[in-house]
Amino acid sequence: MQSDKPKTGLIMTGGGARAAYQVGVLKAVADILPRRASSPFQILCGTSAGAINASALATHAYNFRKSVQRIAIIWSNFHAEQVFRTDALGILRTSFNWFMALMSLGMSHHSRALSLLDRTPLQNLLEQYIRTEDIQHSIDKGFLHALSINASGYSSHQSVSFFHGQPELEPWNRFRRIGVRTEINVDHLMASSAIPFVFPPQKINREYFGDGSMRQMAPISPALHLGADKVMIIGNHMERAAPQHQHTHESRPPTIGQIAGHVLDSIFLDSLDADIERLERINDTVDLIPQKQRDKHGFPLRHIDTLVISPSQDIGDLAEEYIDQLPRSMRLLLRGIGAYRSDGSDLVSYLLFERAYTRRLIDLGYQDTMDKKHELIKFLDVDHIIQDMATQSGKR
């Protein structure tokens, strides 16, 4: 792969179990590409659960279909017990510690005291499937330009993009967001996906980190810093027209589950929409300036083509149909904090790591992507990929 070719970035956001939707999108992309094609995305950027999917793609970038199949097998057969402890003793212990930490106004210095669930099973799972040496192999062979994983520092208050990539890539430093060169490992994935209050923070070097969606005001930025010429973005919520303000009357106050779901939606959803809108405005501005003038005056901005694929249905509403798939201990916990009410289903959608639900999201992602098949073929320049593969085959 030549370094001077245009580079395509893939951005996968957070959202816990909602990230199963990304797998459906990736399956559709794999079906559109030639069978033995390498990854069409030279730059992979992931946040929260999207960081796990991005890293899994990076380990087998030489064969995109194979990497997607490995990811799909896991997501299609998920059970919550593979992500966090669901046994009664585990739930009781973490819930008690969480409650006591809140009562002590957070004075506990134990990092797990402020987490509702124990993610040890997820760490064990990731250690089986994600290896730093496989990521480096993809980089060395030219199938991957860079992998970026976003996490939020609790002490520095910075959004940190840990990136693993080609030697010429440079770190960056912007207001409250930085890029740090490193070798991506499981600790970075655990940090990026540590949903606040739900999962414990992860220590990397001398600082504790939490979910990368926190303070991530510019989710598209890491891909651009790493050299992406165009970006495909997989969202995790249904696009809606701007709502009209309506006054509503609530007969009862919100539950903890409803508040938690609202907070998580704010963390995971709002910044991406705002950044896409910002990029579109920049593109409009760039397009007003002739290329000759941009070259003459060293205009630093450039047009970045984007393709956004997001759910055609409300993922939170879909979760209501599958709540009873969760282990009994989890159902009791969620019922206790009010997440069983319809207005608390958003919280459930982040934690519903059960195969009936994840398969539903995979199917939805696949269909939504196939609905944009012709747009995707043009965006990825699939005809050129086929020509390149034929040329390489002819040289052997």
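Index from 1, following the sequence.
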I want to check something: taking the side chain as every heavy atom from C-beta on, are L26 and M12 in contact at a cut-off of under 4.5 Å?
yes

Close side-chain approach of E320 to V348, heavy-atom, < 4.5 Å
no

Sequence neighbours left out, what passes ring-ring contact (aromatic ring centres under 6.0 Å, His included) with H137? Give chain and number order.
none

Please check if the side chain of Q202 supplies one atom and the backbone of D187 the other of a donor-acceptor pair under 3.5 Å.
no

Is a donor from one side chain sitting under 3.5 angstrom from an acceptor on the other, for S48 and D211?
yes

Residue M217 excluded, over 12 heavy atoms near CE under 6.0 Å
no

Hey, does P121 have a side-chain heavy atom less than 4.5 Å from the side chain of Q82?
no

Do H188 and I204 make a side-chain contact, defined as non-hydrogen atoms from C-beta onward lying under 4.5 Å apart?
yes

Report the residues that fulfil ring-ring contact (aromatic ring centres under 6.0 Å, His included) with F78, sequence neighbours left out, ordered by chain and then residue number.
W75, F353

SB check E81 R85 (cutoff 4.0 Å)
no

Say whether L352 and I74 are linked into one hydrophobic cluster, either directly or through other cluster members, by side-chain heavy-atom distances under 4.5 angstrom.
yes

Side chain of R331, backbone of L326: donor and acceptor closer than 3.5 Å?
yes

At what distance, to the nearest 0.5 angstrom, does CD1 of I130 lie from CD1 of I135?
6.5 Å

More than 12 non-hydrogen atoms from neighbouring residues, nucleotides or ligands closer than 6.0 Å to CG on D287, yes or no?
yes

Tell me, yes or no, whether the heavy-atom count around Y62 atom OH, taken from other residues, nucleotides or ligands under 6.0 Å, exceeds 12.
yes

Answer with yes or no whether the hydrophobic clustering places L307 together with Y21; edges join I, L, V, M, F, W, Y residues whose side-chain heavy atoms lie under 4.5 Å apart.
yes

Answer yes or no: is there a side-chain heavy-atom contact under 4.5 Å between V382 and I32?
yes

Please lay out, stage by stage, how I315 and Y350 fare under the test side chain to side chain contact (heavy atoms under 4.5 Å, CB included).
CA-CA 10 Å; I315 289 180; Y350 292 101; over 6 Å; no

Can you pull out every salt bridge (charged side-chain N to carboxylate O under 4.0 Å, His left out) where at least one residue sits in residues 45-72? Sequence neighbours excluded, please.
D31-R65

Are Y129 and F84 connected into the same hydrophobic cluster when the rule is that any two of I, L, V, M, F, W, Y join if their side-chain heavy atoms are below 4.5 Å apart?
yes

Mind checking what makes side chain to side chain contact (heavy atoms under 4.5 Å, CB included) contact with Q313, not counting sequence neighbours?
L318, R360, L364

Set of residues satisfying salt bridge (charged side-chain N to carboxylate O under 4.0 Å, His left out) with respect to D134, sequence neighbours excluded
R131

List for me each residue that meets salt bridge (charged side-chain N to carboxylate O under 4.0 Å, His left out) alongside D388, sequence neighbours excluded, and say none if there are none.
K5

When you measure from the side chain of Q166 to the backbone of I139, do you find a donor-acceptor pair of N or O atoms at a distance under 3.5 Å?
yes

Quick one, R181 and E170 - any side-chain contact, counting heavy atoms below 4.5 Å?
no

Path from L376 to L10 over hydrophobic side-chain contacts below 4.5 Å
yes

Could you list the residues that satisfy salt bridge (charged side-chain N to carboxylate O under 4.0 Å, His left out) with E127, not counting sequence neighbours?
none

Pairwise side-chain contact, I184 with S55, heavy-atom cut-off 4.5 Å (strictly under):
yes

For E207, check side-chain hydrogen bond (donor to acceptor under 3.5 Å, both in side chains) against everything at least two apart and list the hits.
S156

Can you hop from F163 to I149 via hydrophobic side chains spaced under 4.5 Å?
no

Here's a test for you: under side chain to side chain contact (heavy atoms under 4.5 Å, CB included), which of V25, D368, T13 qualifies with I234?
V25

Out of S159, S152, S221, which residue meets the side chain to side chain donor-acceptor pair (under 3.5 Å) rule with R177?
S221

Can you list everything that forms a salt bridge (charged side-chain N to carboxylate O under 4.0 Å, His left out) with D229? Sequence neighbours excluded, please.
R302

Taking side chain as C-beta onward, heavy atoms only, is M190 less than 4.5 Å from L126?
yes

If we count only N and O atoms by modelled type, under 3.5 Å, do the side chains of R18 and S349 hold a donor and an acceptor together?
yes

Does atom CZ of R278 have more than 12 heavy-atom neighbours from other groups under 6.0 Å away?
yes

Residues two or more places apart in sequence or in another chain: which of them pass side-chain hydrogen bond (donor to acceptor under 3.5 Å, both in side chains) with H79?
E354

Residue list, side chain to side chain contact (heavy atoms under 4.5 Å, CB included) with V180, at least two apart or on another chain
V160, F162, I178

Would you confirm whether S193, through its side chain, and L189, through its main-chain N or O, come within 3.5 Å as a donor-acceptor pair?
yes

Sequence neighbours excluded, which residues qualify as side-chain hydrogen bond (donor to acceptor under 3.5 Å, both in side chains) partners of S161?
N150

With no hydrogens and no angle check, is any side-chain donor or acceptor of S67 less than 3.5 Å from a backbone partner on F64?
yes

D371 and Q367 side chains, donor-acceptor separation under 3.5 Å
yes

